[in-house]
Structure formats: C-alpha cells, structure tokens
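It should be emphasised that the depicted structure is a prediction, and the values quoted were computed from it without experimental measurement. All values below come from the heavy atoms of this structure, side chains included, with hydrogens, waters and symmetry mates left out.
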Amino acid sequence: SQGISLIRELGCHGCHLIPGTKDIRMVGPNLTRIQEKVQPDWLVSWIKRPKDYNPRTKMPYYGLSQKESEDIASYIWYNGKRKVKKEKIDDLGSSVQIEQGKKLFESVGCLSCHVRNENDVLSKKPIKGVDGRPLVLTNRDYAPALQKVSQKVQTDWLYRWLKNPKSYWHETKMPSLRLTKSESKSIASYLLSLTPHKNNKKYTNYIILSFRFPIVYPSKQTRTKFI
C-alpha cells in the first residue's frame, strides 16, 4: 500500500505502464487553458529547470536545451487556449490592502496546505483536538509554494482562482474559501507583493510569435514546427 501511494504521489504512471494505475488521475495540473494562468516567460524556465522555481517540486528535470524548452512551451501555449477573456483587475497593491491580504492568508486556512518560504516549513504546534490529540497540523506543504507566485501566474487568473478554484479546474483539491471579491483582491495583492515579477520579453515574444505563425514542414509524417 505504501508503494502504490508513492506511485500516485510521484506520478510514475504518467510515463510507465504499471498494473493497477489505469484509473489514477495524473499528478500534474491540467494544461488545456494554460494561456489564462501563467506568464509565458515562466513557462519556458519551468520546463527547462523546474527546481529553480520550486526546489521541492515533483516535476522531473529532463536536461532540455534552451531551444527545446522554448519549443515545448510554444506548443503547450498554442494548444492551451483561453476560455475566459483577460481582464484588468483594478485597485491592487496598496499597503493597506496588502496587509489585509496577509491577515486573511494567515487566518482562512491557506497555511494548512501552502508555504511561502522556509519559515513556513518549520513545524508549529498542532491545534489540539479530543483528549489532547492533534487535530490539525499547520503549515503542511501539500500545495505549491507561493513565495514567487508573481513570477508564475497572471493577475486576473489568481483573482478568479481565489474566488472559485473549480471554475478553472474542476478536479483541483483547492477548496472554495468562500471569499468575497474584496477578500480575493486583498489576498491576490498580498501574494503578488511577495516577489516582484520580472518579465522576460525575449521568451514572451518567442512564444507569442510561435503560436501565431505555425510553419508546416512536409515529411513522411506531417509535422508542424513553431518558430
């Protein structure tokens, strides 16, 4: 039972045919709407060296070249069409809002699954339950680390995700926190403030041009290359 649990957690069945894993859900997130979620430059760097962004990720390192990483990112981006139009989220970034978002983040249960930095990884005293037995352990590193989330996600996606995670991915384990629009903005503003986003226009332009101008090269098996 320990073995199958690790196979589920690590996603071994994503590459290997293993008896008893036919109906197990893939470990990685759904990429069919990736244009809504991530920054194009982040996608390239993630594919090339995922542990540079999150040292504890289960995403493997494939030893890809820069060009290979850009080509894969272009293909994923081209096929991950938006279903929701991009929107500008106004009134983000004030010091008051960021402080309110920090208080909400630390009080509504986010730290039950997420960490921001190494300080959140440190164990804390559990909330005592019946007969003094642990009922809830805080700071469980189940979900993605959020210290550098501004480098990864788009602002409007983060706002919508906080409001209703299942509207983007119905199989997500992220619960609805029943946040108001104002609360969602405050938490989004706080998370985006943790690390400023530095956009790499080279990668962004490469991917945008790639999915706009596909070039088909004839061969025995028709294949499309994006440049």
Side-chain angles (χ1 to χ4, degrees), residues 29 33-46 49-57 82-127 136-169 172-205 207-208:
R33 296 166 62 183
I34 197 70
Q35 288 182 23
E36 293 178 30
K37 181 179 180 180
V38 306
Q39 307 281 356
D41 53 310
W42 176 88
L43 184 58
V44 175
S45 61
W46 174 257
R49 298 186 67 89
K51 291 188 184 297
D52 284 355
Y53 177 80
N54 182 5
R56 294 185 298 280
T57 183
R82 276 183 169 271
K83 291 187 178 180
V84 177
K85 289 184 178 180
K86 188 174 182 62
E87 60 179 315
K88 183 179 179 181
I89 308 299
D90 296 318
D91 306 322
L92 288 182
S94 72
S95 57
V96 173
Q97 186 183 57
I98 290 172
E99 183 59 31
Q100 182 183 11
K102 182 177 185 293
K103 291 178 180 178
L104 283 167
F105 180 87
E106 294 174 348
S107 64
V108 299
C110 303
L111 287 171
S112 296
C113 298
H114 293 275
V115 298
R116 291 162 294 188
N117 51 45
E118 61 276 4
N119 293 329
D120 287 335
V121 180
L122 301 175
S123 299
K124 291 188 176 181
K125 293 182 179 179
I127 299 173
V136 178
L137 295 175
T138 59
N139 294 345
R140 306 294 288 273
D141 189 9
Y142 289 134
L146 300 174
Q147 174 69 34
K148 297 185 286 185
V149 72
S150 65
Q151 298 175 7
K152 175 181 179 180
V153 304
Q154 299 180 37
T155 301
D156 59 326
W157 178 88
L158 181 58
Y159 168 69
R160 289 193 301 272
W161 177 259
L162 289 166
K163 280 176 58 184
N164 183 12
K166 292 189 185 298
S167 68
Y168 178 79
W169 186 22
T172 182
K173 295 178 181 178
M174 168 87 171
S176 172
L177 300 175
R178 300 179 182 180
L179 300 172
T180 65
K181 291 182 179 180
S182 177
E183 290 171 334
S184 299
K185 281 187 175 183
S186 294
I187 295 178
S189 189
Y190 167 64
L191 293 176
L192 294 172
S193 75
L194 295 177
T195 302
H197 171 61
K198 296 181 179 180
N199 185 43
N200 189 321
K201 293 183 178 180
K202 175 185 175 183
Y203 296 160
T204 301
N205 291 338
I207 293 176
I208 290 174

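For Lys103, there are no salt bridge (Lys or Arg N to Asp or Glu O under 4.0 Å) partners at least two apart in sequence or on another chain. Not counting sequence neighbours, the partners of Thr172 by the side chain to side chain contact (heavy atoms under 4.5 Å, CB included) test are Trp161, Pro165, Lys166, Trp169, Met174. Partners of Asp52 according to the side chain to side chain contact (heavy atoms under 4.5 Å, CB included) rule, which considers only residues two or more places apart in sequence or in another chain, are Arg49. Every residue meeting the salt bridge (Lys or Arg N to Asp or Glu O under 4.0 Å) condition with Lys102, not counting sequence neighbours, appears here in chain and number order: Glu106. When the side chain to side chain contact (heavy atoms under 4.5 Å, CB included) test is applied to Gln100, the partners found at least two apart in sequence or on another chain are Leu104, Ser186. Scanning for side chain to side chain contact (heavy atoms under 4.5 Å, CB included) contacts around Pro50 gives Trp46, Thr57, Met59, with sequence neighbours left out.
Between Phe105 and Leu111 the shortest heavy-atom distance is CE2-CD2, 3.7 Å. Between Ser189 and Ser94 the shortest heavy-atom distance is OG-N, 4.4 Å.
A donor-acceptor pair under 3.5 Å is absent between the side-chain atoms of His114 and the main chain of Leu146, judged by distance alone. Judged purely by atom type and a 3.5 angstrom limit, Arg33 has no side-chain atom pairing as donor or acceptor with the backbone of Lys83. Side chain of Tyr53 to main chain of Trp42: no donor-acceptor pair is present (N/O by atom type, distance under 3.5 Å, no hydrogens or angles). At distances below 3.5 Å, at least one donor-acceptor pair connects side-chain atoms of Asp156 with backbone N or O atoms of Glu87. The main-chain N or O of Lys152 is never found under 3.5 Å from a side-chain atom of Gln39 such that the two would form a donor-acceptor pair. Side chain of Ser184 to main chain of Thr180: a donor-acceptor pair is present (N/O by atom type, distance under 3.5 Å, no hydrogens or angles). Looking only at distances, a side-chain donor or acceptor of Gln97 sits under 3.5 Å from a matching main-chain atom of Gly93.
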Before giving the answer on side chain to side chain contact (heavy atoms under 4.5 Å, CB included), spell out for Lys86 and Gln35 the whole-Å C-alpha distance, their side-chain angles and the decisive distance to 0.1 Å. CA-CA 9 Å; Lys86 188 174 182 62; Gln35 288 182 23; over 6 Å; no

List the steps and the verdict of side chain to side chain contact (heavy atoms under 4.5 Å, CB included) for Tyr168 and Glu36. CA-CA 9 Å; Tyr168 178 79; Glu36 293 178 30; 3.7 Å; yes

Show, in sequence, the C-alpha distance, side-chain angles and deciding distance for Lys37 and Gln154, and conclude whether the side chain to side chain donor-acceptor pair (under 3.5 Å) test is met. CA-CA 6 Å; Lys37 181 179 180 180; Gln154 299 180 37; over 6 Å; no

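Between the OG atom of Ser45 and the CD atom of Gln151 there is a distance of 8.0 Å, given to the nearest 0.5 Å. To the nearest 0.5 angstrom, Lys185 atom NZ is 5.0 Å from Asp91 atom CG. Here Thr155 contributes atom OG1 and Leu191 contributes atom CG; the two are 11.0 Å apart, rounded to the nearest 0.5 Å. Here the straight-line distance linking atom CG of Asp90 with atom NZ of Lys88 works out to 5.5 Å at 0.5 Å rounding. The CD1 atom of Ile89 lies 10.0 Å from the NZ atom of Lys181; values are rounded to the nearest 0.5 Å. Rounding to the nearest 0.5 angstrom, the gap separating the CD1 atom in Ile98 from the OH atom in Tyr190 is 10.0 Å.
Proximity of Val108 to Cys110: side-chain heavy atoms (C-beta onward) are separated by under 4.5 Å at one or more points. Proximity of Trp157 to Val84: side-chain heavy atoms (C-beta onward) are nowhere separated by under 4.5 Å. Residues Leu194 and Arg116 have side chains in contact (heavy-atom distance under 4.5 Å, counting atoms from C-beta outward). The closest side-chain heavy-atom distance from Leu179 to Ile187 is below 4.5 Å.
Note on Lys163 versus Glu183: no salt bridge recorded, every NZ/NE/NH1/NH2 to OD/OE distance being 4.0 Å or above.
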